[in-house]
Amino acid sequence: MSKVIVVIGDRLGKGQNVGKGVEAAGGTAIVISGMAADMKLGDKMKEENADLGISFCGSGGAGAITAQSKYGYPAQYGMRSIEEGLTALREGKRVLGFGFNDSEELGRRLTEELLKIRG
């Protein structure tokens with residue numbers, strides 16, 4: 001089985017902790033650098049042929065909505081908990097929009113779930 005590729009875009013240029021969690025679970029994390037990185041999420045997902053995109057901003061929606069609108073990625077946004085993200089993955093979503101939550105646990109658990117779904 002090939003590694004899953006997860007792109008992370010954070011409005012404030014963060015996301016490194018989520019990336020550490022993705023890597024700890026066996027995935028490949030690509031953290032977009034710079035402010036407003038969430039708005040580049042869809043472009044970077046397309047460029048890297050990513051399996052999952054994670055967007056962070058205050059509302060948990062801007063980057064995810066942009067990726068969905070521009071590229072048609074199934075998205076869920078406005079999420080505040082890891083459990084919401086896990087449910088969205090199980091429902092086939094591939095772009096997840098959260099309020100700010102740059103935690104290793106989030107990256108690890110989402111990647112583990114995606115690996116489980118992929119079999």
*Closest approach of Arg11 and Ala62, non-hydrogen atoms and distance?*
NH2-CB, 3.4 Å

*Group every Ile, Leu, Val, Met, Phe, Trp and Tyr by side-chain heavy-atom contacts under 4.5 Å, then state whether Leu86 and Tyr77 land in the same group.*
no

_hydrophobic_cluster_shared for Ile30 and Tyr71, side chain cutoff 4.5 Å_ = yes

*Listed partners of Lys44 passing salt bridge (Lys or Arg N to Asp or Glu O under 4.0 Å), at least two apart*: Glu47, Glu48

*If you round to the nearest 0.5 Å, how far is CD1 of Ile8 from CG of Leu106?*
8.5 Å

*asked:* Please report the interatomic distance CZ(Phe56) to CZ(Phe98), rounded to the nearest 0.5 Å.
replied: 6.5 Å

_Heavy-atom closest contact (Gly42 atom, Ala67 atom, distance)_ = CA-CB, 3.6 Å

Solution key, residues 13-27 side-chain donor-acceptor pairs under 3.5 Å, sequence neighbours excluded:
residue	atom	partner	partner atom	Å
Asn17	ND2	Asp102	O	3.3
Glu23	OE2	Ala29	N	2.8

_Tell me whether Leu52 shares a hydrophobic cluster with Ile82, the cluster being built from Ile, Leu, Val, Met, Phe, Trp, Tyr side chains joined at under 4.5 Å._
yes

*Give a yes or no on whether Ile117 and Ile5 share a hydrophobic cluster (residues Ile, Leu, Val, Met, Phe, Trp, Tyr; joining criterion: side-chain heavy atoms under 4.5 Å apart).*
no

*Specify the closest pair of heavy atoms between Gly63 and Ser55, including all atoms of both residues, with the distance to one decimal.*
CA-OG, 3.4 Å

*Asp38 CG to Ile65 CD1 distance, which is reported to the nearest 0.5 Å*: 10.5 Å

*For Glu104, salt bridge (Lys or Arg N to Asp or Glu O under 4.0 Å) partners two or more places apart*: none

_Any pair counted as salt bridge (charged side-chain N to carboxylate O under 4.0 Å, His left out), so long as it reaches residues 107-117, sequence neighbours left out_ = Glu83-Arg109, Arg90-Glu113, Glu105-Arg109, Arg108-Glu112, Glu113-Lys116

_Ala88 versus Leu96, closest heavy-atom pair with distance_ = CB-CD2, 3.6 Å

*State yes or no: do Leu114 and Val31 share one hydrophobic cluster built from I, L, V, M, F, W and Y residues joined by side-chain heavy-atom distances below 4.5 Å, directly or via other members?*
yes

*Partners passing salt bridge (Lys or Arg N to Asp or Glu O under 4.0 Å) against Arg80 (at least two apart in sequence or in another chain)*: none

*asked:* Given 3.5 Å as the limit, does a donor-acceptor pair link the side chain of Tyr73 with the main chain of Lys46, or not?
replied: yes

_For a side chain to side chain contact (heavy atoms under 4.5 Å, CB included) check, start with the C-alpha distance between Met79 and Thr87, then their side-chain angles and the critical distance, and finish with the verdict._
CA-CA 11 Å; Met79 295 183 287; Thr87 298; over 6 Å; no

*Please report the closest heavy-atom contact between Val7 and Met45, naming both atoms and the distance.*
CB-CG, 4.0 Å

*So does Arg118 pair up with Asp51, basic N to acidic O under 4.0 Å?*
yes

_Looking at every heavy atom in both Val4 and Leu115, which two are closest together, and how far apart are they?_
CG1-CD2, 3.7 Å

*Distance from Ser59 atom OG to Phe100 atom CZ, nearest 0.5 Å?*
8.5 Å

*Any chance you could measure Leu41, atom CG, to Ile54, atom CD1, to the nearest 0.5 Å?*
9.0 Å

*Sequence neighbours left out, what passes salt bridge (Lys or Arg N to Asp or Glu O under 4.0 Å) with Lys70? Give chain and number order.*
Asp43

